[in-house]
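Each remark here refers to the structure printed beneath this line.
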Amino acid sequence: MARKIIIDTDPGQDDAVAILLALASPELEVLGITCVAGNVPLALTVRNARIICELAGRPDARIFAGCDKPLERALVTAEYVHGKTGLDGIALPDPVMPVQDQHAVDFIVETLRREPAGSVTLVPIGPLTNIAAAILKAPDITDRIAEIVLMGGAYFEVGNVTPAAEFNIYVDPQAADIVFRAGVRLTVMPLDVTHKALTTRTRIEAFRALPGRVGPAVASWTDFFERFDMEKYGSEGAPLHDPCTIAYLLEPSLFSGRQVNVMVETGSDLTLGMTVADWWGVTDRKPNAWFVGDLDADRFYALLTDRLARLP
Ligand code: RIB
Ligand code: CA
């Protein structure tokens with residue numbers, strides 16, 4: 001029985017790889033792809049989700065438009081990383097597949113109420129606005145969510161958009177605070193682990209060498225995406241952040257972490273959006289998240305390449 005998931009996303013090249021990995025993996029049933037404003041504005045994240053699904057040969061995928069701005073703050077985007085379109089690196093045809101009429105938040109609520117309790121996993125890989133809005137609108141859904149596996153936050157690795165905060169959390173810290181306090185089983189893929197999932201020439205050439213159209217597209221996206229991180233960190237490649245969530249669902253043994261308390265800073269200008277992880281248990285705050293710190297990068301890229309090879 002495939003595991004039912006909803007991917008909540010702000011594509012972004014790394015989001016694209018996560019969505020492709022999910023669509024290529026029969027262990028997962030993607031009930032829907034809900035889009036949120038983040039890397040680029042909502043209209044572009046929706047457009048990009050359609051481009052990605054058509055590239056994967058999945059024009060039947062159900063795509064929903066969600067929140068176009070954070071709960072309280074003004075939207076902050078990241079074209080400086082992802083390019084003007086959010087999917088710079090390769091020009092793909094204009095999408096023709098439809099967007100569903102239903103709002104993403106209503107789709108999330110309705111799906112969780114319809115499907116058996118504990119059977120649907122949420123996989124947010126952008127700002128948490130849609131997830132928090134769903135919880136605010138329908139608090140009853142928190143008991144029905146099997147698990148939230150999100151990409152976001154940072155502790156030992158510190159921030160990437162400010163010295164203290166990672167982008168997904170920083171864009172909507174109020175939403176993140178709601179999610180981290182919701183009492184739902186929570187697995188967090190922070191920069192601490194995603195910065196160990198670096199692209200390299202060899203890994204990107206393995207994508208480019210794949211038989212279909214997807215591999216070369218992913219290689220072109222990662223070629224573009226890595227330039228920013230390589231310049232900033234002086235690293236050999238760029239972190240493939242978002243696919244870590246899907247890989248975790250497929251092969252959790254690739255990752256290691258610790259069950260700790262994680263809270264989100266929402267008040268301080270200096271550290272807004274910081275995920276404060278009590279890694280050493282120095283407080284009496286109840287552990288609320290499996291906070292992932294490491295992965296087997298070679299096995300991660302082997303899984304990713306193997307699955308992308310299955311796509312057209
Ligand atoms: O900080 C990395 C995260 O921000 C990733 O999800 C990337 O796609 C951007 O949304
Ligand atoms: Ca993302």
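Atoms within each ligand, like the ligands themselves, are counted from 1 in listed order.
- For the Ca ion (ligand 2), the neighbouring protein N/O/S atoms at less than 3.0 Å, given as residue and atom, are D10 OD1, D15 OD1, D15 OD2, I125 O, D242 OD2.
- With respect to the salt-bridge test (charged N to carboxylate O, under 4.0 angstrom), the residues D172 and R73 do not qualify.
- Side-chain contact check for S256 and D294: no donor-acceptor pair (N or O, by modelled atom type) lies under 3.5 Å.
- A donor-acceptor distance shorter than 3.5 angstrom exists from the side chain of R258 to the backbone of W279, with no hydrogens or angles considered.
- A donor-acceptor contact shorter than 3.5 Å is absent between the side chain of R203 and the backbone of T305.
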For ring pair (Phe, Tyr, Trp, His ring centres under 6.0 Å), just list the numbers for H82 and F224, CA-CA rounded to whole Å, side-chain angles, deciding distance to a tenth of an Å, and then say yes or no.
CA-CA 8 Å; H82 299 273; F224 178 87; 8.5 Å; no

Once you restrict both partners to nitrogen or oxygen, which atoms of ligand 1 have a protein partner under 3.5 Å, and how far apart are they?
from: ligand 1; atom 1: 1 (O); to: N160; atom 2: ND2; distance (Å): 2.9
from: ligand 1; atom 1: 1 (O); to: E166; atom 2: OE2; distance (Å): 2.6
from: ligand 1; atom 1: 4 (O); to: N168; atom 2: OD1; distance (Å): 3.2
from: ligand 1; atom 1: 6 (O); to: I125; atom 2: O; distance (Å): 3.0
from: ligand 1; atom 1: 6 (O); to: N168; atom 2: ND2; distance (Å): 3.0
from: ligand 1; atom 1: 6 (O); to: D242; atom 2: OD1; distance (Å): 2.6
from: ligand 1; atom 1: 6 (O); to: D242; atom 2: OD2; distance (Å): 3.1
from: ligand 1; atom 1: 8 (O); to: D14; atom 2: OD1; distance (Å): 2.7
from: ligand 1; atom 1: 8 (O); to: D14; atom 2: OD2; distance (Å): 3.1
from: ligand 1; atom 1: 8 (O); to: D15; atom 2: OD1; distance (Å): 2.9
from: ligand 1; atom 1: 8 (O); to: N39; atom 2: ND2; distance (Å): 3.1
from: ligand 1; atom 1: 8 (O); to: D242; atom 2: OD2; distance (Å): 3.2
from: ligand 1; atom 1: 10 (O); to: D10; atom 2: OD1; distance (Å): 3.4
from: ligand 1; atom 1: 10 (O); to: D10; atom 2: OD2; distance (Å): 3.0
from: ligand 1; atom 1: 10 (O); to: N39; atom 2: OD1; distance (Å): 3.2
from: ligand 1; atom 1: 10 (O); to: N39; atom 2: ND2; distance (Å): 3.2
from: ligand 1; atom 1: 10 (O); to: N168; atom 2: OD1; distance (Å): 2.9

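- Residue E205 places its CD atom among more than 12 non-hydrogen atoms of other residues, nucleotides or ligands, all under 6.0 Å distant.
- Side chain of T271 to backbone of M274: no donor-acceptor contact under 3.5 angstrom is found.
- Considering V30, V214, L28, I7 as possible partners of L23, the one that fulfils the side-chain contact (heavy atoms from CB on, under 4.5 Å) test is V30.
- Residues D278 and T283 have side chains that bring a donor and an acceptor to within less than 3.5 angstrom of each other.
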